[in-house]
Amino acid sequence: MTNTISILGSTGSIGRQTLDVAEQLGLCVAALTANSSVDRLEAQVRKFHPRLAVMTEEAAARDLAVRLKDTDTRVLGGFAALEEAAALPEADTVVTAVVGMVGLRPTLAAIGEKKRIALANKETLVCAGELVMDAAEKTGAEIIPVDSEHSAIFQCLQGCARRQEIKRLILTCSGGPFYGMNTVEAGRMTKADALKHPNWTMGPKITVDCATLMNKGLEVIEAMRLYRLPLEQVDVVVHRQSIVHSLVEFRDGAVLAQLGTPDMRLPIRYAMTYPERGENPADPLDLLSCPPLTFAPPDREVFPCLALAEEAAVRGGTACAVLNGANEEAVRLFLADRIGFYDIFHLTKKAIAALPAVEKPTLEEILEADQAAREIVSKEHFS
């Protein structure tokens, strides 16, 4: 059970919902971090009184420090300060809710201090999953997934005595806003179209990833790393209602599923209270009023990013870091209205083809591969 938390990325969607849960559970807040949302972080600091506040944008940190002179909260700036927030002695749980590779170093810092990691930063495991899981096993740090799909699997596995009992993990997928379209229709879709997720309210980057199904591909890799399973034992099904959050099929034919309303506060709460379950004031799922539950295979032709992620998972090594870095840069260009929907796939594929995968990479090699992939995508766009 968590008592005190540090939240990396407290002004984003997951961070704000984590603070809602923390307030309901009566948790203390040791540190809050953000990129550049000064107004929002100032309001959070004044409400939750953390010991430390971090802004990765230096100018924003200076602004925040001036605003918070009348408080006892220490303000730091820069990406390195995220590691200090993650390792703060007062916190027993670190919620990694930042987006992208910036979450990797602070996650490792928290693992080094044997913290519980409430992991909402999938890039950490996608790019450096084996390194991160090895470090957690060595120190005894707990990694509790916050993504709804991985939280569902984590919960379904609580009664599983041995990993050999697992036949396959089944990740559910809403299908995103372009479900049912053909390639011509999807190719016409704009940023505004991609940001209209049918079930979840999330940040723009992850919402676009849901539209391309890259998000599900990243979650496949994440599941492989979390549970040390090969790609053959991780499957994806489209479930439009987002009520069944994921399933586990066992060797004896039994299938366990976790159901709930599409509310991220549920997996966040479980990561805070595990192995217990805290009281939830929200309305529970009503089976008599929810829509019929449907399941279908994903269309890998219309959404080729899913297959691309699976190919990177098979290659292993730095291939997944290249996939992630290239995709992040391509999504950034898409959100800036500088490339089209399918350019995200084509640019990411070019980066993977251009960079050889390094087996068993070091942290520095992972970071270098990520940066090289971003540069390739940027150069391809301008060429």
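We're numbering straight along the sequence, starting at 1.
A donor-acceptor distance shorter than 3.5 angstrom exists from the side chain of T273 to the backbone of E276, with no hydrogens or angles considered. A donor-acceptor contact shorter than 3.5 Å links the side chain of D299 to the backbone of V302. Under a 3.5 Å cut-off, the side chain of T207 and the backbone N or O of G203 do form a donor-acceptor pair. D92 contributes no side-chain N or O that, together with a main-chain N or O of T2, makes up a donor-acceptor pair within less than 3.5 Å. Of the possible donor and acceptor atoms, one in the side chain of H239 sits under 3.5 Å from a partner among the backbone N and O of V244.
Inter-residue side-chain proximity for N327 and K205 is flagged as met; some heavy-atom pair is nearer than 4.5 Å. Residues D72 and H49 are not in side-chain contact: their nearest non-hydrogen atoms beyond the backbone lie 4.5 Å or more apart. The side-chain heavy atoms of I352 and R315, taken from C-beta on, include a pair separated by under 4.5 Å. Taking 4.5 Å as the limit, some side-chain heavy atom of L218 sits within range of a side-chain heavy atom of L323. L367 has its side chain within reach of L104: a pair of non-hydrogen atoms, C-beta onward, lies under 4.5 Å apart. Considering only heavy atoms from C-beta on, T212 comes within 4.5 Å of F341 through its side chain. Between R168 and L229, the closest side-chain pair of non-hydrogen atoms is not below 4.5 Å. A heavy-atom distance below 4.5 Å is not found between the side chains of E123 and V102.
The nearest pair of heavy atoms linking E329 to V377 is CG-CG1, 3.6 Å. Taking all atoms of both residues into account, the shortest heavy-atom contact from V322 to A373 is O-CB, 3.4 Å. Contact between L226 and P145 at its shortest, heavy atoms only, is CD1-CB, 4.2 Å. Closest of all the heavy-atom pairs between E365 and T318 is O-CG2, 4.0 Å. Nearest heavy atoms, I14 versus A120: CG2-CB, 3.9 Å. Considering every non-hydrogen atom in both A60 and V38, the closest pair reads CB-CG2, 3.6 Å.
Here D252 pairs with nothing under the salt bridge (Lys or Arg N to Asp or Glu O under 4.0 Å) rule; sequence neighbours left out. Applying the side chain to side chain donor-acceptor pair (under 3.5 Å) criterion to D70, with sequence neighbours excluded, gives R46.
Shown here is D286, whose CG atom has more than 12 heavy atoms of other residues, nucleotides or ligands within 6.0 Å. Counted within 6.0 Å of CD on E301, heavy atoms from surrounding residues, nucleotides or ligands total 12 or fewer; the atom is thus considered open. Residue-environment remark: NZ (K191) exceeds the threshold of 12 foreign heavy atoms within 6.0 Å. Heavy atoms from other residues, nucleotides or ligands lying under 6.0 Å from CD of Q241 number more than 12. Within a 6.0 Å radius of CD in E359, no more than 12 heavy atoms belonging to other residues, nucleotides or ligands are found.
Side-chain contact annotation: T56 with N35, donor-acceptor N/O pair under 3.5 Å present. If you check the side chains of N324 and K122, you find no donor sitting under 3.5 Å from an acceptor.
In this structure, E23 does not pair ionically with R269, as no charged nitrogen and carboxylate oxygen lie closer than 4.0 Å. Classification of E222 and R225 as a salt-bridged pair fails, no side-chain N sitting under 4.0 Å from a carboxylate O. Between D370 and R374, at least one side-chain nitrogen of the basic residue sits less than 4.0 Å from a carboxylate oxygen of the acidic one, meeting the salt-bridge criterion. Contact check on D134 versus R228 returns a salt bridge, with a Lys/Arg side-chain nitrogen under 4.0 Å from an Asp/Glu carboxylate oxygen.
Legend: side-chain hydrogen bond (donor to acceptor under 3.5 Å, both in side chains) pairs involving residues 173-189, not counting sequence neighbours, sorted by first then second residue: S174-H197.
To the nearest 0.5 Å, the span separating CG on L32 from OG1 on T73 amounts to 8.0 Å.
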**salt bridge (Lys or Arg N to Asp or Glu O under 4.0 Å) evaluation trace for E364 with R105** = CA-CA 11 Å; E364 292 306 318; R105 287 189 184 275; 2.8 Å; yes
**Item:** Step-by-step side-chain hydrogen bond (donor to acceptor under 3.5 Å, both in side chains) determination, Q24 to D20
**Value:** CA-CA 6 Å; Q24 292 166 0; D20 289 344; over 6 Å; no
**Item:** Stepwise side-chain contact (heavy atoms from CB on, under 4.5 Å) test for I166 and C160
**Value:** CA-CA 8 Å; I166 301 170; C160 178; 4.2 Å; yes
